[in-house]
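This report concerns only the one structure given below.
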Amino acid sequence: DSGVTQTPKHLITATGQRVTLRCSPRSGDLSVYWYQQSLDQGLQFLIQYYNGEERAKGNILERFSAQQFPDLHSELNLSSLELGDSALYFCASSVGGWGTEAFFGQGTRLTVV
Amino acid sequence: EDQVTQSPEALRLQEGESSSLNCSYTVSGLRGLFWYRQDPGKGPEFLFTLYSAGEEKEKERLKATLTKKESFLHITAPKPEDSATYLCAVPTSGGGADGLTFGKGTHLIIQP
């Protein structure tokens with residue numbers, strides 16, 4: 001158990017809908033990262049938050065957004081969903097930046113039908 | 001552009017048959033190289049961080065090494081429970097991004 005909690009584990013929704021994925025980082029970790037993993041693309045960095053502030057953006061679509069709350073949990077919002085958004089979405093947390101160990105949650109499997 | 005290439009894509013070994021996985025990287029200013037293990041449907045599990053050429057780290061049957069252009073994950077006398085996908089990654093350099101660039105992984109199968 002990495003200590004990073006993601007909910008829900010599975011999500012099935014229709015095209016055009018909006019969903020919210022939730023992540024609780026390990027106790028004491030200030031950084032939260034979101035990743036998307038699909039069969040053809042591998043693990044792709046989406047966005048990072050550090051202590052409530054957006055710190056870095058990767059390959060995140062404009063239809064996607066995220067935030068980190070004062071209690072440090074984070075939410076990833078995916079809207080206007082398309083079939084191609086079906087993937088595993090992982091959250092990871094670390095004390096600081098990537099120079100420190102990062103721990104991944106078990107992921108949310110999103111299926112868009 | 002940062003690039004991480006892993007080889008082979010897949011590797012099937014007999015139990016006890018030692019081998020090595022390769023991770024080649026192209027980054028400007030390496031800030032560490034990370035190895036993760038991922039089981040099907042699970043999140044990546046952190047294994048090692050290497051920071052400088054010549055550095056080595058070990059954990060049970062795994063040993064990771066680093067040169068200026070590549071890293072190796074050596075697996076000695078593997079067991080079936082070592083079957084997993086092994087991922088390497090480097091911190092993204094420049095452009096304001098601070099995530100990890102992952103390779104596509106080596107899918108390792110250890111047959112009893």
Side-chain angles (χ1 to χ4, degrees), chain A residues 1-7 9-10 21 23 25-26 29-51 53-60 66 87-111, chain B residues 1-10 21 23-25 27-52 55 57 59 64 66 71 84-107:
Chain A
D1 183 3
S2 67
V4 179
T5 303
Q6 289 187 247
T7 57
K9 287 187 169 53
H10 302 276
L21 313 184
C23 169
R26 291 189 321 150
D29 284 357
L30 299 179
S31 275
V32 169
Y33 308 79
W34 286 96
Y35 273 83
Q36 180 191 57
Q37 187 174 41
S38 58
L39 283 175
D40 56 342
Q41 292 292 323
L43 267 167
Q44 298 287 316
F45 168 63
L46 296 178
I47 196 165
Q48 177 201 5
Y49 278 82
Y50 179 83
N51 202 21
E53 300 288 327
E54 180 185 305
R55 181 161 176 174
K57 273 187 173 180
N59 300 319
I60 189 167
L88 267 169
Y89 290 84
F90 288 106
C91 166
S93 74
S94 66
V95 171
W98 281 111
T100 54
E101 287 183 30
F103 295 84
F104 282 76
Q106 293 301 294
T108 293
R109 181 174 294 279
L110 174 66
T111 302
Chain B
E1 180 182 328
D2 300 331
Q3 287 198 342
V4 180
T5 304
Q6 292 189 246
S7 62
E9 289 185 12
L21 313 181
C23 171
S24 299
Y25 60 89
V27 297
S28 55
L30 183 67
R31 294 179 288 144
L33 184 137
F34 298 76
W35 281 99
Y36 283 83
R37 167 194 170 126
Q38 187 174 24
D39 293 301
K42 301 289 181 71
E45 174 189 344
F46 173 81
L47 292 175
F48 305 108
T49 308
L50 303 167
Y51 289 103
S52 57
E55 187 175 359
K57 288 193 177 174
K59 180 179 180 179
L66 183 66
S71 177
T85 296
Y86 290 85
L87 301 164
C88 72
V90 296
T92 305
S93 59
D98 198 25
L100 283 177
T101 298
F102 279 86
K104 292 195 184 293
T106 293
H107 181 47

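Both backbone and side-chain heavy atoms feed into the values below; hydrogens, waters and symmetry mates do not. A, B, ... follow the sequence lines: proteins, then strands. Residue 1 opens every chain. Keep in mind that this is a model prediction, so the values were computed, not measured.
Using bins of under 30°, 30° to 60° and over 60° for the plane-to-plane angle, the ring pair Phe102(B)/Phe104(A) lands in the perpendicular bin.
For chain A, the nearby part of Gln38(B) is the side chain; its heavy atoms alone come within less than 4.5 Å. For Gln44(A), no part lies near chain B; criterion is any non-hydrogen pair under 4.5 Å. With a threshold of 4.5 angstrom between heavy atoms, Lys42(B) approaches chain A through its backbone and through its side chain.
Heavy-atom pairs under 4.5 Å with chain A were tallied for Gly32(B), Pro44(B), Gly41(B); the largest tally goes to Pro44(B).
Atom NZ of Lys9(A) has 12 or fewer heavy atoms from other residues, nucleotides or ligands within 6.0 Å.
Tyr36(B) approaches Ala102(A) most closely through the heavy-atom pair OH-O, 3.2 Å.
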